[in-house]
2 protein chains.
Amino acid sequence: MPEPLYRQLAERLRARIDAGDLRPGDQIPSEAELGEEFGVSRNTVRLAVTALANEGLIESRAGRGTFVRQRRTVTVLHPLDPSGVPPGPKDAFKSTLEREGVKPTQENFRVEFRRATAEVAARLGIEEGDRVVVRRMDRLVDGEPWSRQESFYPVEIAEGTELMSPDDIPRGTIRVLKENGHAQVGFRDEINCRMPTRDESGFLGSPPGVPVLELFRVAYSEERPIRLTITVYAGDSTQFAYEVGDVSARGETGRGSRDREDG
Amino acid sequence: MPEPLYRQLAERLRARIDAGDLRPGDQIPSEAELGEEFGVSRNTVRLAVTALANEGLIESRAGRGTFVRQRRTVTVLHPLDPSGVPPGPKDAFKSTLEREGVKPTQENFRVEFRRATAEVAARLGIEEGDRVVVRRMDRLVDGEPWSRQESFYPVEIAEGTELMSPDDIPRGTIRVLKENGHAQVGFRDEINCRMPTRDESGFLGSPPGVPVLELFRVAYSEERPIRLTITVYAGDSTQFAYEVGDVSARGETGRGSRDREDG
DNA sequence: AAGTGGTCTAGACCACGGG
DNA sequence: CCGTGGTCTAGACCACTTC
């Protein structure tokens, strides 16, 4: 048997988008129109549209229509400095992203107490159920939701410090830890990829079919784990990078030259 | 309005799985049975089942039934040695995974010439359309498909070397490069996350809703980029890790103690 | 032969968004 | 108000797997 109708339709739509016939931000024909144009039922059209939405290629907005998604990829180059202290006066988030030429902002700071889940406890070297301090915030680039971060601290480390204030700490939390006798000497990153929860999908503004990149970073002092940071990024607009050793042969920055055409 | 029916159904099914009522490998009730049990049409059941399949929680096999997926996560700890030469006599893939306690195998080795795409050319510092040598293979852990790798070499580097042979090179390709005067002194990793193509989804044996983790690694000698390796991993059974600086406070290996219960 | 999921139709009603 | 996508029904035929 040949390809099913809904996949043929999906491929035709994909071709129109790839060819630039439909451009990012454009509205695609309504489901009724597509059904008529291809001589299939609306349900079949929906199978095709859903498939493309699940790849993050298009996005439906109830009551309005279906549009070609525009995605810009931001590369996060994770510096390999074991101390984690950023070079300038700003925190790592701002210094990393400003180098990428985008405008980073943070909002919705919150600080709360929680019980450590097994996942958190294992990484912080504490017992499941122990109390932990959680700092969380949302991060935007150029005004659009981009990632959501939660940092877990053992109570003894965070209590009584600036870390308890539900506000931005412009110089960065790593400096605060250091000032309080918990200098970071190393860290371990774990990177996962999964489908978003409904919460995440809502916040990130990505259609439910777009995966998320999840970064677990455990920071260590010489004595103990001092922090676990879990950050969830929109998968289709984020890329991580690590540079090891001598990469001077890489030449120009490269990645920045994607399609900046402004002045 | 309350939650739509298909989402209620999806949540009930998810609850059964989370509770251990339905265990990995188990077959879930057929679509007809679920429709009768919940008093909804088969199409509505399919919406629920599709949603869970898109999260990688269950998997449908035509003609047979729908089953709870079993997933095991393999952690790839990327060593930060700039030379890339693995410690033992084996290549990096085998030495990394054997440390994880699983059995790595490789198959379907192929070597071919191709024209560099823009993506490849930019990373190798060559011109789009230049000829490149591509070595590719499939990788399995414990006999199950796990990742597919393609390595791109500028022709001048690969031609006339052992790299042209479509076979495993047990001591690792990095050693071969070094023997031919292209010692690696650094590398850059770029990590993406996206939905699989149909090919990939087929090979990896993951339902089409499970994302893939994609690793671009560019290796550099002192003079130039010598290789680009693109590896695509099943997203729901792979995790990357990087350890920087002193992480001795991490204590025991941790990650290995998941649920090994053999003796 | 019987049961499964895969595909497809032709309807229906709804909430939402914009003129 | 009307067009949009979101949800839902009640059928149908098919290919494939298992017995």
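We name chains A, B, ... by the order of the sequence lines, and we start the count at 1 in each one.
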Using a distance-only test with no angle check, is there a side-chain donor-acceptor pair under 3.5 angstrom linking B/R227 and B/T173? yes

The contact string for nucleotides 6-11 of chain C, one letter per nucleotide 5' to 3', using protein heavy atoms under 4.0 Å with B, S and - for base, sugar-phosphate only and none, comes out as BBBBBB

If you count the non-hydrogen atoms of other residues, nucleotides and ligands that lie under 6.0 Å from CZ in B/R23, is the total more than 12? no

A/L34 atom CG is separated from D/dG3 atom P, nearest whole Å, by 17 Å

Answer yes or no: does atom CD of A/E37 have more than 12 heavy-atom neighbours from other residues, nucleotides or ligands under 6.0 Å? yes

Give the rounded distance in Å between these two atoms: CZ of A/R64 and C1' of C/dC16. 10 Å

Can you check the B/E59 CD to C/dT4 C1' distance for me, whole Å? 15 Å

Measure from NZ or CZ of A/R135 to the centre of the six-membered ring of A/F109, then state whether that distance is under 6.0 Å and the direction lies within 45° of the axis. no

A/F240-B/F240 aromatic ring centre distance below 6.0 Å: no

Is there a side-chain polar atom (N or O) of B/T66 under 4.0 Å from OP1 or OP2 of C/dG5? yes

Give a yes-or-no answer on whether the side chains of A/Q239 and A/T73 include a donor-acceptor pair shorter than 3.5 Å. no

